[in-house]
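Data block below; observations after.
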Amino acid sequence: MHYRITTLHSLEIIYMLKEVPQYDAKVVEQNIQKFWDEIDAYSRVRELRKNGKKFFFVDGPPYTTGRIHLGTAWNKIIKDSVLRYRSMSGDHILERAGWDMHGLPIEVKVEGVLGFKSKKDIETYGVGNFVAKCKEFALSHRDEMTVQFRNLGVWLNWKEPYMTLRDEYIEAAWWTLKQAHVKKLLEKGLRVVNWCPRCETAIADSEVEYADETDPSVYIKFQVMGEENTYIVIWTTTPWTIPANIAVAVHPSFEYAKVRVRKDGKEEILIMAEQLMANVLKQGRYRDYEVIETVLGENLRIEYDAPLGDKVPAQRKFSHNVYLADFVTAENTGCVHIAPGHGIDDFELGMKNKLPIFCPVGPDGRYTEEAGDYRGMHVRDANKVVLDDLTVNGLLLASGKISHRYGHCWRCKTSIIYLATEQWFLRVTDIKEQMLAEIEKVKWYPEWAGSARFADWVKGSRDWCISRQRYWGIPIPVWVCESCGETEVMGTRHELEKRTGVSKLPDLHRPNVDNIHIKCKCGGQMSRVPDVFDVWFDSAVASWATLNFPHDEKALKDWWPADFITEGHDQTRGWFYSQMGASLIAFGKAPYKSVLMHGFTLDTEGKKMSKSLGNVVSPEEVVAKFGAESLRLYVLSQNAPWDDLKFSWDEVGNVHRMLNILWNVYRFPLPYMVLDKFNPLEIKGTAVALRLEDRWILSRVSSLIRQVDAAMLEYNLHKATRPISEFILEDLSRWYIQLIRPRTWRESNDPDKLAAYYTLYEVLVTLTKLIAPFAPHISEEMYQNLVRNVDPKAPESVHMCDRAVPREEFIDTELEKQMNIIREIVEASSNARQKLKRKLRWPVKKIVVAPKKEDVAAAVRRLEEVLKEQTNAKEIVLLAPGETWEELGVEVLPVHAALGPAFKKEAGRVLAELKNADGKAIRRAIAENGSFELKEWTLTADMITFRDSIPQEIAQAGFSAGDVYVDTELTREIECEGYAREVIRRLQDMRKELDLAVEEEINAVVEIRDERVLELVSESKDFISGEVRAKSMALGSGIEVEGDLVKDWDVEDVRMKMGICRN
RNA sequence: GGGCCCGUAGCUUAGGCAGGUGGAGCGCUCGGCUGAUAACCGAGAGGUCUUGCGUUCAAAUCGCAACGGGCCCA
């Protein structure tokens, strides 16, 4: 550090505290990060704890897109804080930063850069070249993002991160797939998948993004066979799937109606759900109708003609019938168009009823040969053509538009379609029960993240389609025999090389592994399935891939499963799930022991941040304005981790202000300590004359540590950080520093000042260790000065220290409570002073505390000195609990409603007498007898009430457990001191204006135009001179005022002129 | 359409599991302090606790429904 060592004389080097400038977050953060690099702090901290309790953390790998956003910043800040805390607690931490580097998003970006439009462009360019570009893209973005994370002060293993594109990582994925194969959980099958016609690949459920879209909303009639002019009516938003229609589904328990309708002189019979008849007839603009009969869905037997049989010859081979299905809802017509090749429910209904899975659409989204006349047309363009053809066939009942949520490819935003294709699946539905059992064994924060949210998602999950028809990904290590269909899975590079005889593959990506063949037992040739893995499978194996398994089996045994992971709630369906699935396949148990699920960052409105809304705030912007530390503490303290965080610049500003105050608290004593050559090493262990307030702040800081530890146990980062801020603001800055100020100004080397130094020093050092996990920079900066500058043998970094521990001998909860009471009384007294406009600078004769309970009285007795000083009172008068202050008058208030009826005509005279009566005497009499005599009348308790009457110079204010009276009567002594303080304050102000050093002396001239005030001030001349360090001071009326700075003042309507000059 | 979470002052929030007068910070208004000073302190104003229904002697809190926001799914 730049100020660690002070050279006094050429020979002597001494270690001592240094003064510091104002807080500049950027300077502090840059210096500290540079310092960490210089001493290799991160690695040494890990090394330091290598004999500690093992703590294995797996970093959820961010995708290498290039820029981090607030959400990823928050994520890493949580991780960093937890790990720093655990490390300071003594744990031996194993972690590596992770990077998710494969997959379609990068392919799409690279395609964009190269100007490609389809897979054909990639094939022409060459798969090898394309993959190389993708790799380059991923690596360079990883570098950029690493810098961004490091600027936040995040300590992870950045030098040896795990990367999904590394061969070792790929092998971990291969090994895992092999386990699935061995356990018969891998299968190839025809399934309807979400398909992106632009990317020409299957995409996972989790890659489908739902957004509003306007689509056709059409009612179509299917001609019932053998019944002229009779139709069953269906509804759809995807007319392009009509050429693939195979069936109609109805609900078994709905009533279906046959309705005779007439329009334009034509008559036909329509079949639909009875309860939806009105809607359908309205859509078709039928006015005349007549219900012929109704029949329960389960009794409905209908065969109908293919609606577009004339255009799609293949359709003529199929018979088209009505089937029963529970998924049919009472919407639209109650009859659902079924195309098993283009819908998930459709497919399942088709499989169940052994219907043909007819899918006349190719991977590029164009109709195939099977689609007859539609061949070559893109489905995107087909809706209109199909509707025209249906119109020609007289089958279109109604056509409109609907706005609804529809799935899109989350990278290229193309509307997805459903296609029946051959894909590779992991049969996770087979292990669902096991997964649910494992979820219960994991400790979730918050609890409902696991028991409700995650369990719910797992219950509804389907088999996992892991194959993608793309290039940039982990190649699926499955070889299939072209002759007999036998499959083999390669678990490692070694296995592949051994089995094929190929060696020295440059790496395990495509196309290197594409043209390797294996000889099958049957004599045929086995080729690799050309697909790559779904990227979710990549990150799914992170917990063992990061341990370099399968190569390093010992690491797995020593460390796995992870002790802790933490990610956003979107990862319920993502990484929490993919890891759980893969881990059960590979090892039969959960890969993590505890999970903290955190929220999302939203804008101030609570809307999600998105480029299109223009409401995105980047972490860098925040760091540029307030520094990383403010951002860190802001995201940690603003919310409970699992709640979404509504970003607010104002709140970051507040946090920054708090840090600035912390800095000022730290900076405040340094000039004095430096001046006094304060050496904490010498004072430690020696008897220090601690005052009660010193013991109080030491107790507070120990209680605070307990609070932080309790919160961290449950990963309640907000409950750990908020009390710290509160302590800094309330206890340290607003109270303790104010209390010890007079002690620090003392020039003599007295034990009382040393006790204050000692206490503040102790508190600050403890605080650096306590806040280090959350605010690693400012704590390090403070530590370097406070500790390292005085003790070269201390650990080199605050992060190498053990976590702060409460000092039981200091904890005095009684004292803490009592101090709170004193603070309330001080506040009340300020309040009272304000009512009579008496400044704090002016002492008051006395303050009277009227406590409601004994504990207040005890507090006042114990902390009387503190109370006296802070209220600037000459005397504290403490009344007994419940006692009324005798100097208060009692006003008797008549109760007219009782007096009137009792005394009738005489009431007026009674009232008059009451006004002059002795209130105290009456109250005494009422208390004793319940009544009292007033002249010739006897008055009872119900006839009057009392009110304290307060003398003019007394101000009163209440607090939660009593009242405070401030006696502001001026005495000569008080005026003398008050004016002296007024003069001192102004001279100090002028010293400041001249920018004088604290210890510099001055010569002062003070001219006062008021004889009385001049006399009062003259009495305090020595006191004033001492306070402002004046070597000489001239006081008078009409004297000449000169100096380096001369100013006119108006002090309580008295004009003064002051001049000071440097000595 | 379903699951989970959230809705408290102009803004950000505490309180909610265990029902009993809703607490802070920012901002605003007024005042104070003055060797932490581009800092700090005090007071005041500001709340149908999203809405409705229910349980209860009593609901911000518990239940149901609606509305709005978020994530995930269909």
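Heavy atoms only: backbone and side chains are in, while hydrogens, waters and symmetry mates are out. As the structure is a computational prediction, the values presented were derived from the model and not from experiment.
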Take atom [atom1] in [N] and the same atom in [M], then report the distance between them in whole Å.
N       : M       : atom1 : value
rC62(B) : rG25(B) : C1'   : 30 Å
rG15(B) : rC57(B) : P     : 29 Å
rA58(B) : rG54(B) : C1'   : 15 Å
rA65(B) : rU29(B) : P     : 46 Å
rG7(B)  : rA66(B) : C1'   : 14 Å
rA60(B) : rC67(B) : P     : 23 Å
rG68(B) : rC30(B) : C1'   : 38 Å
rC6(B)  : rU13(B) : P     : 13 Å

Using modelled atom types and a 3.5 Å cut-off, is there a donor and acceptor pairing between side-chain atoms of His408(A) and backbone atoms of Ser415(A)?
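No; judged by distance alone, with no hydrogens or angles, the pair does not exist.
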
Any donor-acceptor pair under 3.5 Å from Arg632(A) side chain to Phe774(A) backbone:
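Yes, Arg632(A) side chain to Phe774(A) backbone: donor-acceptor pair under 3.5 Å.
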
Taking every non-hydrogen atom, the tightest pair across Tyr23(A) and His656(A):
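Heavy-atom minimum between the residues: CE2-NE2, 4.0 Å.
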
Do you know the tightest heavy-atom contact between Leu867(A) and Thr871(A)?
O-OG1, 2.6 Å

Would Lys432(A) and Asp463(A) satisfy salt bridge (charged side-chain N to carboxylate O under 4.0 Å, His left out), going step by step from the backbone distance to the final call?
CA-CA 10 Å; Lys432(A) 204 178 266 191; Asp463(A) 283 343; over 6 Å; no

Atom-pair distance ([atom1] on [X]; [atom2] on [N]), nearest Å:
X         : N       : atom1 : atom2 : result
Leu739(A) : rC40(B) : CG    : C1'   : 14 Å
Ile728(A) : rA39(B) : CD1   : C1'   : 16 Å
Asn872(A) : rG42(B) : CG    : P     : 17 Å
Trp457(A) : rC5(B)  : CH2   : P     : 18 Å
His598(A) : rC4(B)  : NE2   : C1'   : 17 Å
Lys646(A) : rG70(B) : NZ    : P     : 11 Å
Asp644(A) : rG70(B) : CG    : C1'   : 5 Å
His718(A) : rA14(B) : NE2   : C1'   : 10 Å

Can you check whether Asn639(A) has a side-chain N or O nearer than 4.0 Å to OP1 or OP2 of rU13(B)?
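Answer yes for this pair, as a side-chain N or O of Asn639(A) is under 4.0 Å from OP1 or OP2.
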
Under 4.0 angstrom between Gln22(A) side-chain N/O and rA39(B) OP1 or OP2:
no

Residues Tyr418(A) and Asp346(A): side-chain donor-acceptor under 3.5 angstrom:
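Their side chains do not contain a donor-acceptor pair, so the 3.5 Å distance test is not met.
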
Distance-only polar pair, side chains of Ser637(A) and Arg722(A), donor-acceptor under 3.5 Å
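Checked: Ser637(A)/Arg722(A) side chains show no N/O donor-acceptor pair below 3.5 Å.
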
Classify Leu729(A) by what it touches in the nucleic acid, base, sugar-phosphate, or nothing, heavy-atom distance under 4.0 Å.
nothing

Tyr634(A) near the nucleic acid: base, sugar-phosphate alone, or nothing, with a heavy-atom cut-off under 4.0 Å?
nothing

Comparing Leu732(A) and Asn660(A) on RNA chain B - which has the more 5′ nearest nucleotide:
Leu732(A)

Residue met sooner reading RNA chain B from 5', once Gln571(A) and Ile661(A) are mapped to nucleotides
Ile661(A)

Sort me out a list of protein N/O and nucleotides 26-33 of chain B N/O pairs below 3.5 Å, or just none if empty.
{"residue": "rC26(B)", "atom": "OP1", "partner": "Arg657(A)", "partner atom": "NH2", "Å": "3.3"}
{"residue": "rC26(B)", "atom": "O4'", "partner": "Asn654(A)", "partner atom": "ND2", "Å": "3.4"}
{"residue": "rC33(B)", "atom": "OP1", "partner": "Arg841(A)", "partner atom": "NH2", "Å": "3.2"}
{"residue": "rC33(B)", "atom": "OP2", "partner": "Arg841(A)", "partner atom": "NH2", "Å": "3.4"}

Checking base pairs now: Watson-Crick or wobble, both atom distances under 3.5 Å. What partners [N]?
N       : result
rA43(B) : rU29(B)
rC71(B) : rG3(B)
rC64(B) : rG52(B)
rG23(B) : rU13(B)

Between Trp663(A) and Tyr666(A), what is the ring plane arrangement, given parallel below 30°, perpendicular above 60°, and tilted in between?
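Ring orientation, 0 to 90° scale: perpendicular.
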
Applying the ring pair (Phe, Tyr, Trp, His ring centres under 6.0 Å) test to Trp444(A), which of Tyr715(A), Trp642(A), Phe454(A) qualifies?
Phe454(A)

